[in-house]
Amino acid sequence: MNFSKTLINWYSVNKRILPWRETTNPYCIWLSEIILQQTQVKQGLPYYEAFLGKFPSVFHLANADEAQVLKLWQGLGYYSRARNLHAAAKFIVNDLKGEFPNNYKDLLKLKGVGDYTASAISSICFNEVAAVVDGNVYRALSRYFGIDTPINSSKGAKEFKLLAQELIDAKQPAEFNQAIMEFGAMQCKPKNPDCSSCPFKDSCVALQKNIVSELPVKIKSAKAKKKYFNFLVFISDDKKTVLEKRTGKGIWQNLYQFPLIETKREANFETLLELAKKQDLLKSVNFELTLYNKDTLVHKLSHQHLYTKFWIVKINTNLEKGILIDDIENYAVPILIGNFIEKFEF
DNA sequence: AACACGGGGCA
DNA sequence: TGCCCAGTGTT
């Protein structure tokens with residue numbers, strides 16, 4: 001049996017039952033693919049259900065506010081996905097009369113849809129012969145063919161895309177694409193794959209050469225940078241606090257946080273007090289500043305390690321531009337802030 | 001080509 | 001700890 005036949009046969013026996021496998025509705029497939037970018041099925045599944053529940057069609061999504069979309073996306077990370085998803089929905093409704101793009105080339109014009117996602121949607125929904133290359137495909141192909149070109153190099157991207165495009169079954173592109181991804185996720189796993197039960201155990205180059213654990217090759221990424229975050233958690237007499245919207249570049253764009261003072265190193269009480277005054281964050285004469293977490297909280301992102309302190313600022317006056325503490329749950333916040341709110345007794 | 005962008009899970 | 005995850009957009 002050839003590669004494609006063996007693969008699809010394996011898939012027919014081993015595939016998981018997942019909600020987006022029960023439909024070819026492009027809106028549903030699109031939503032699932034965006035959610036699953038750099039995200040494991042287990043983590044993305046509840047978000048998929050929640051989004052379809054709240055926004056059953058592209059029209060519902062387009063009519064929502066971005067804040068609503070971000071709130072529903074809260075905790076999933078890579079928030080540009082949510083912003084782009086919403087912008088693309090509005091584009092489809094307003095500029096394309098609600099008609100979903102039905103081919104690779106036009107799908108690519110949607111914000112947040114790159115080569116992978118355009119290939120996935122066009123193949124799954126419209127039977128276009130467009131091979132997907134995601135992390136699973138890189139791993140499966142690099143091992144089966146014994147290819148050591150770094151997968152995160154432009155050379156590797158081209159090489160693997162071309163190979164996948166040669167292998168794809170032109171008669172059933174949707175099955176092939178989903179099969180190879182599922183194979184990578186369930187059988188040809190990153191660590192400790194069960195090669196003894198693999199349908200390719202007799203032809204896999206990496207297995208013959210005993211280099212399965214060395215593939216795929218990936219160029220190392222830079223180490224995470226340390227940052228020092230100090231959040232000011234205001235509590236006023238009139239049961240208010242202050243949240244600010246993050247604008248501009250960087251992490252958590254358009255999400256909310258407590259007023260932030262970033263320092264070069266861990267701040268002590270005096271330093272923090274001085275900086276807060278200098279930045280005009282403490283106008284009230286009567287306030288009481290206390291450190292909430294004695295042990296600095298370390299929140300780890302892919303490229304940043306955030307050493308975080310929450311400073312409680314009690315003021316015995318009213319907060320003009322604050323928000324009611326009871327309304328805090330309506331704002332989309334990073335999980336770092338969300339965890340604090342959950343734990344802290346206002 | 002290199003980097004930024006989250007958060008969870010696993011060995 | 002380090003690596004991985006149904007990647008994309010920016011510089």
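Keep in mind the model is a prediction, meaning the values are calculated, not measured. Each chain gets a letter, A, B and so on, in the order its sequence line appears, and its residues count up from 1.
Using a 30° and 60° split on the angle between ring planes, Tyr144(A) and Phe200(A) fall in the perpendicular class, above 60°.
If you measure from atom CG of Leu301(A) to atom P of dG2(C), you get 16 Å, rounded to the nearest angstrom. Rounding to whole angstrom units, CZ of residue Arg81(A) and P of dG8(B) are separated by 12 Å. Put simply, CG on Leu45(A) is 17 Å from C1' on dG7(B), counting in whole angstrom units. Computed from coordinates, the Leu255(A) CG to dG6(B) P distance equals 8 Å when rounded to whole Å. Between Ile251(A) atom CD1 and dC3(B) atom C1' there is a gap of 15 Å when expressed in whole angstrom units. Atom pair Lys225(A):NZ and dA2(B):C1' shows a separation of 12 Å (rounding to whole Å applied). Whole-Å rounding puts the His305(A) NE2 to dG6(B) C1' distance at 12 Å. Note: CH2 (Trp73(A)) to C1' (dG7(B)) measures 13 Å, nearest angstrom.
Atom P of dG6(B) sits at a distance of 15 Å from the matching atom of dT11(C), rounded to the whole Å. dC3(B) and dA6(C) are spaced 22 Å apart, taking the C1' atom of each and rounding to whole Å.
Under a 4.0 Å N-O distance rule, the pair Lys240(A)/Glu320(A) does not qualify as a salt bridge.
Both Ile335(A) and Ser153(A) lie close to DNA chain B; mapped to their nearest nucleotides by heavy-atom distance, the more 5′-ward contact belongs to Ser153(A). With the nearest nucleotide of DNA chain B identified for both Asn339(A) and His303(A), His303(A) has the one nearer the 5' end.
Across Val242(A), Thr241(A), Asn330(A), a single residue satisfies side-chain contact (heavy atoms from CB on, under 4.5 Å) together with Ile323(A), and that is Thr241(A). Among Trp311(A), Phe231(A), Phe310(A), Phe229(A), the one residue that satisfies the ring-ring contact (aromatic ring centres under 6.0 Å, His included) test with Phe340(A) is Phe310(A).
Note on His299(A): a side-chain N or O is less than 4.0 Å away from OP1 or OP2 of dG7(B). Within the 4.0 Å cut-off from OP1 or OP2 of dG7(B), at least one side-chain nitrogen or oxygen of Trp252(A) is found.
Counting non-hydrogen atoms under 4.0 angstrom, Gly75(A) reaches the backbone sugars and phosphates but no base. Contacts of Leu76(A) with the nucleic acid, taken as non-hydrogen atoms under 4.0 Å apart, include base atoms. Residue Lys189(A) is out of contact with every strand shown, counting any heavy-atom pair closer than 4.0 Å.
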Listing, residues 50-57 of chain A side-chain donor-acceptor contacts under 3.5 Å, not counting sequence neighbours, or none:
unit_1	atom_1	unit_2	atom_2	d
Ser57(A)	OG	Phe59(A)	N	3.2
Ser57(A)	OG	His60(A)	N	3.3
Ser57(A)	OG	His60(A)	ND1	2.7

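Closest of all the heavy-atom pairs between Ser197(A) and Gln187(A) is OG-NE2, 3.1 Å.
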Could you encode protein contacts along nucleotides 4-11 of chain C as a string, one character per nucleotide from 5' to 3', using B for base contact, S for sugar-phosphate-only contact and - for no contact, with a heavy-atom cut-off of under 4.0 Å? SBBBSSSS
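A distance of 10.0 Å separates CG of Leu7(A) from CG of Asn177(A), quoted to the nearest 0.5 Å.
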